[in-house]
Structure formats: C-alpha cells, structure tokens
Amino acid sequence: MGAGGRMSVPSSPKKPEFNSLKRVPYSKPAFTLSEIKKAIPAHCFQRSVLRSFSYLLYDFILASLFYYVATNYFPNLPQPLSYVAWPLYWAMQGCILTGVWVIAHECGHHAFSDYQWLDDTVGLILHSSLLVPYFSWKYSHRRHHSNTGSLERDEVFVPKKKSGLRWWAKHFNNPPGRFLSITIQLTLGWPLYLAFNVAGRPYDRFACHYDPYGPIFSDRERLQIYISDAGVLAVAYALYRLVLAKGVGWVISVYGVPLLVVNAFLVMITYLQHTHPSLPHYDSSEWDWMRGALSTVDRDYGILNKVFHNITDTHVAHHLFSTMPHYHAMAATKAIKPILGEYYQFDGMPVYKAIWREAKECLYVEPDEGDKEKGVFWFRNKL
C-alpha cells in the first residue's frame, strides 16, 4: 500500500536515502504510459492460473492450520495461556485472510487469470466469505482507478477542502481526538463505507454498495449487484447456522475477530496509499489520469508485504497497470523507478507512526497561497 523526492547523492557506499516528505512534481510528466510499459519486462504482464491458485492455496493451508490449532488445542490451555493464544490467533489469521482479500482484489482487476469468468467466480467466493459484496466493490473500485486524485470523481478517501470540514473537526485535532478518529476508522470504516459511503465520493442522493439502484452503479451493472448481495447473504446465513451449532462466542472468536483485523488492515492500507503530505490532488481544471495515478505512495509493512502479496509496496505500479498480477509487481516497480524519477513516491516510515502522522498532518486540502487558480491541492492541518 523510492520517494517523492530526489535521490540524495551518497557520500559513501550506503544505501541511498530519500526525502519522503518532499512534494512530488505536479506538472504533466514528460514520459508516457507507453514508455513506462516498455521499461517493464514483458513477462510481468503474463497471468498464470496455476501460479495465482498456488498463492491462494498457500493462504488456505495457513488459514486452515491456524483454525485447526485454535479449535483443537486452545480449549485445553490453562486460562493464562489462552489469553495469549487467542490474540495471537486473531492477529495471524487476520493477516492471512487479508492476503485472501488481496487475491480477491486481483480477481476484481482481472489480474488473477486470462479468463474473466474465472476471475469473477473466484473473486465472488472469496469476497463473499469475508462479507464483501464483490461486484459492488469491483465497480466502485474500478472508478477509483479511473479517477484517482480527482477531488470531484475519485471514489474513496476523497479529502475535503477546508470549507467542507464539519464543525467537530477542530475538536478532534488533538491527540485524544486523533486516537479516537483512527480507532473508529479502523474498526468501523469499512462497513460504514460499504453501507453508507462514508469517506467516499459525494453523490446527490444516498449511496450504498448493497443497493443495486444506487447512484454508484449503472443500469448494466445492477444484476451483478444482486448477485453480490446474494453472496453476502449466503455467508451471513451460514454464520447464523454456525452460531446455532457452536454458539456466538465460538463464531466471534474463530471468524469475527479475524474479520475485524482484515477490515482494519484494508482501511489502513488504502488510507496510507492515498494519504501523504507529499501527494497532490487535483480539481477538474488540472486533473488527468496519469498524474492522478501517480498521486499514490508505496509503503513498507515489513514481513507483511509478502503476507499481503505486495499490495502495500507496489501500489504505484498497480495504479499504472492494474491487470498485472501481484507476483510480478516487484519486478515492475524496480523497472519503472528510473522512468518515474521524482514522480515515484515511497515512504518507509513504520506504518503505526505513519497513520498517526497522516491523521495529524493531512486534515484537508487547499491550493498554495497565490495559486488559487491552479487546481492543485495539497494536504494541510491548520484549522
């Protein structure tokens, strides 16, 4: 989910450092999408059914192993140890299921295989199992990719202008308020976005990912929204039957809490990919697809980069070529860095620090003083 600044000239053989807070350029780049694509090895655009399924199988094996250990051994643990074991299970299972979510995300981009029907079938099953309306998300997410960085048309984490802030914003602009905002965002942000379009693009009427006739979707998409709803309802019914058979506590411990971890990671990853002090946003007078796609940042989640199938540290390449499978994204990222130069943004700050900094520094967007007509907006925090 390189830097936005120039690579510093090292005085020794040390690894080059980057100024991650230096603003990325906002002028139209001299390179074209075709030139970027030519720099990427051709094999990076090849999708393999077997390889894609191998990652999914690996995730399923780990998730099944964690489930088996938790359900067969944890009940026999003495109480002090169980207080440690269950949180470890929740964290580890949540991370693995986030990887499963990412593979479903690949399906939504037609990056899983060469067969659209297979991608949609796998994506529908995986996302439904995580209570995500697959086609609903697929269509709104596609519009996010088509309009990234646009203040009027982007679909998610659209920053507000200062004039659009709610009255309570100033009361949350302090450490306790910031902590509360982040907590609400990570725990409730994803279901609130799906159900009420919170943090999404403003529409002229109520927007909801479960409503086939909502303003998010076109007429030709509405049937598939019903299918998405049916998938979520089927899984919800299966969970209801599990509650009857196993009890509420069992379902919450085995499935519910790991799902909360998935939702938290999903929100955090997306937020940090598109929220950074160095990134511009554009109004309709300045926006174009290329500059919007480059208004995103790669992050470093350590070992979780691999667990999350590198959605975290190859996001710039993903926004340029979203049908590229995740297992080629690292090679593609390495290839495009010399072409993008200062337009490529990477921030290696630990994510727990980064989310606090962005929540503090990135409250709203405004143009620079004297540039009111430019249509280029930057994050601010002075209320």
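Side chains included, hydrogens not; waters and symmetry mates left out as well; all remaining heavy atoms used.
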**Study point:** Hydrophobic cluster (4.5 angstrom, side-chain heavy atoms) - remaining members for Tyr240
**Key:** Tyr237, Leu244
Study note, to complete from the structure: Note: Trp90 and Pro258 closest approach over all heavy atoms is CD1-CD, 3.8 Å
Review point. Nearest heavy-atom pair of Asn381 and Asn173: which atoms, and what distance?
Key: O-ND2, 3.8 Å
Review point. Atom OG in Ser228, atom OH in Tyr226: separation rounded to 0.5 Å?
Key: 12.5 Å
Practice item. Might you confirm whether atom OH of Tyr73 has over 12 heavy atoms from other residues, nucleotides or ligands at distances under 6.0 Å? Key: no
Check your understanding: Within 45° of the axis and under 6.0 Å from the centre of the six-membered ring of Trp287, does NZ or CZ of Arg153 qualify?
Key -> no
Point to revise | Residues Ser278 and Gln345: side-chain donor-acceptor under 3.5 angstrom | key: yes
**Study point:** Evaluation steps, ring-ring contact (aromatic ring centres under 6.0 Å, His included), between His276 and Phe379
**Key:** CA-CA 8 Å; His276 194 275; Phe379 281 110; 8.9 Å; no
**Study point:** Aromatic plane relationship, His145 with His319 - under 30° parallel, 30 to 60° tilted, over 60° perpendicular
**Key:** parallel
Check your understanding: Can you find a heavy atom in the side chain of Phe265 that is under 4.5 Å from one in the side chain of Cys95?
Key -> yes
Practice item. Take Phe135 and Leu223, measure what side-chain contact (heavy atoms from CB on, under 4.5 Å) needs, and give me the verdict at the end. Key: CA-CA 10 Å; Phe135 287 109; Leu223 176 60; over 6 Å; no
Review point. Does some side-chain heavy atom of Asp313 sit less than 4.5 Å from a side-chain heavy atom of Thr333?
Key: no
**Study point:** Path from Tyr89 to Tyr68 over hydrophobic side-chain contacts below 4.5 Å
**Key:** yes
Check your understanding: Do Lys28 and Arg291 come within less than 4.5 Å of each other through their side chains, counting heavy atoms only?
Key -> yes
Review point. For the side chain of Asn305 and the backbone of Gly302, is there at least one donor-acceptor N/O pair under 3.5 Å apart?
Key: yes
Exercise for review: Return yes if some donor-acceptor pair links the side-chain N/O of Glu152 with the main-chain N/O of Asp283 below 3.5 Å, else return no.
Suggested key: no
Exercise for review: Determine, using the 4.5 Å side-chain heavy-atom cutoff (strictly less than), whether Leu77 and Trp250 are members of one ILVMFWY cluster.
Suggested key: yes
Practice item. Report yes if the side chains of Thr148 and Leu294 come closer than 4.5 Å at any heavy-atom pair, otherwise no. Key: no
Practice item. Give me the one residue out of Ile96, Leu62, Val102 that meets side-chain contact (heavy atoms from CB on, under 4.5 Å) with Val307. Key: Ile96
Review point. Side-chain heavy atoms under 4.5 angstrom apart, residues restricted to Ile, Leu, Val, Met, Phe, Trp, Tyr: same cluster for Leu260 and Val267?
Key: no
Check your understanding: Looking just at side-chain N and O atoms, do Tyr282 and Asp288 make a donor-acceptor pair shorter than 3.5 Å?
Key -> no
Point to revise | Spacing of CD belonging to Glu366 relative to CZ belonging to Phe377, to within rounding of 0.5 Å | key: 7.0 Å
Review point. Within a strict 4.5 Å, meaning less than it, do heavy atoms of the Tyr343 and Phe31 side chains meet?
Key: yes
Exercise for review: Please report the C-alpha distance between Leu266 and Thr98 in whole Å, then the side-chain angles of each, then the deciding distance to 0.1 Å, and finally whether the side-chain contact (heavy atoms from CB on, under 4.5 Å) criterion is met.
Suggested key: CA-CA 7 Å; Leu266 170 62; Thr98 301; 5.9 Å; no
**Study point:** Co-membership, hydrophobic cluster, residues Leu233 and Ile227, 4.5 Å side-chain
**Key:** no
**Study point:** Connected via hydrophobic side-chain network under 4.5 Å: Val235 and Ile225
**Key:** yes
Exercise for review: Walk me through it: do Phe53 and Phe112 pass the test ring-ring contact (aromatic ring centres under 6.0 Å, His included)?
Suggested key: CA-CA 8 Å; Phe53 269 114; Phe112 186 82; 5.0 Å; yes
Exercise for review: Decide, yes or no, whether a salt bridge links Asp368 with Arg380 under the criterion of side-chain N to carboxylate O below 4.0 Å.
Suggested key: yes
Review point. Heavy atoms, side chains only, cut-off 4.5 Å: are Leu126 and Ile103 in contact?
Key: yes
Check your understanding: Side-chain contact, heavy-atom cut-off 4.5 Å: Val122 with Leu56?
Key -> yes
Practice item. Check whether any side-chain heavy atom of His281 sits under 4.5 Å from a side-chain heavy atom of Ser295, and report yes or no. Key: no
Check your understanding: Hey, do the aromatic rings of Phe157 and Tyr271 have their centres closer than 6.0 Å?
Key -> yes
Review point. Which of parallel (below 30°), tilted (30 to 60°) and perpendicular (above 60°) describes His141 and His109?
Key: perpendicular
Exercise for review: Determine, stepwise, if the pair Leu151 / Lys161 fulfils side-chain contact (heavy atoms from CB on, under 4.5 Å).
Suggested key: CA-CA 9 Å; Leu151 290 175; Lys161 298 178 184 178; 4.1 Å; yes
Check your understanding: When rounded to the nearest 0.5 angstrom, what is the spacing between CZ in Phe45 and CD1 in Ile40?
Key -> 4.0 Å
Check your understanding: Got a salt bridge between Asp347 and Arg357, using NZ or NE/NH1/NH2 to carboxylate O under 4.0 Å?
Key -> yes
Practice item. Taking Arg47 for its side chain and His110 for its backbone only, find out whether a donor-acceptor pair lies under 3.5 Å. Key: yes
Practice item. State, to 0.1 Å, how close Cys107 and Asp119 come at their nearest heavy-atom pair, and which atoms those are. Key: CB-O, 3.1 Å
Point to revise | Residue from Lys337, Lys22, Arg23 passing salt bridge (Lys or Arg N to Asp or Glu O under 4.0 Å) with Glu342 | key: Lys22
Review point. Does Ser150 offer a backbone N or O that forms a donor-acceptor pair with the side chain of Asp154 under 3.5 Å?
Key: no
Study note, to complete from the structure: Closest heavy-atom pair, Ala111 versus Ser52, reported as atoms and distance to 0.1 Å, is O-OG, 4.5 Å
Practice item. Please report the closest heavy-atom contact between Val198 and Tyr193, naming both atoms and the distance. Key: O-CD1, 3.4 Å
Practice item. Say whether, by atom type as modelled, one donor and one acceptor occur between the side chain of Tyr26 and the main chain of Glu286 under 3.5 angstrom. Key: no
Exercise for review: Say whether, by atom type as modelled, one donor and one acceptor occur between the side chain of Arg299 and the main chain of Thr312 under 3.5 angstrom.
Suggested key: no
Check your understanding: Run the side-chain contact (heavy atoms from CB on, under 4.5 Å) check on Val69 and Phe74 step by step: do they pass?
Key -> CA-CA 7 Å; Val69 171; Phe74 287 9; 3.9 Å; yes
**Study point:** Sole residue of His315, His318, His326 in ring pair (Phe, Tyr, Trp, His ring centres under 6.0 Å) with His105
**Key:** His318
Check your understanding: Does any pair with a residue in residues 196-212 pass side chain to side chain donor-acceptor pair (under 3.5 Å), and if so which ones, sequence neighbours excluded?
Key -> Ser140-His209, Glu155-Tyr203
Review point. Asp59: what forms a salt bridge (Lys or Arg N to Asp or Glu O under 4.0 Å) with it, not counting sequence neighbours?
Key: none
Check your understanding: Angle class for the His43/His328 ring planes (parallel below 30°, perpendicular above 60°, tilted otherwise)?
Key -> perpendicular
**Study point:** Shortest non-hydrogen separation from Leu259 to Leu131 and the atoms involved
**Key:** CD2-CD1, 3.8 Å
Point to revise | Identified side-chain contact (heavy atoms from CB on, under 4.5 Å) partner of Thr314 from the options Met324, His309, Met330 | key: Met330
Revision key, fill the gap. Rounded to the nearest 0.5 angstrom, the OG-CG distance for Ser136 and Asp229 is 5.5 Å
**Study point:** Donor-acceptor contact below 3.5 Å, side chain Asp298 vs main chain Val316
**Key:** yes
Check your understanding: If you round to the nearest 0.5 Å, how far is CG of Asp114 from CD of Gln46?
Key -> 9.0 Å
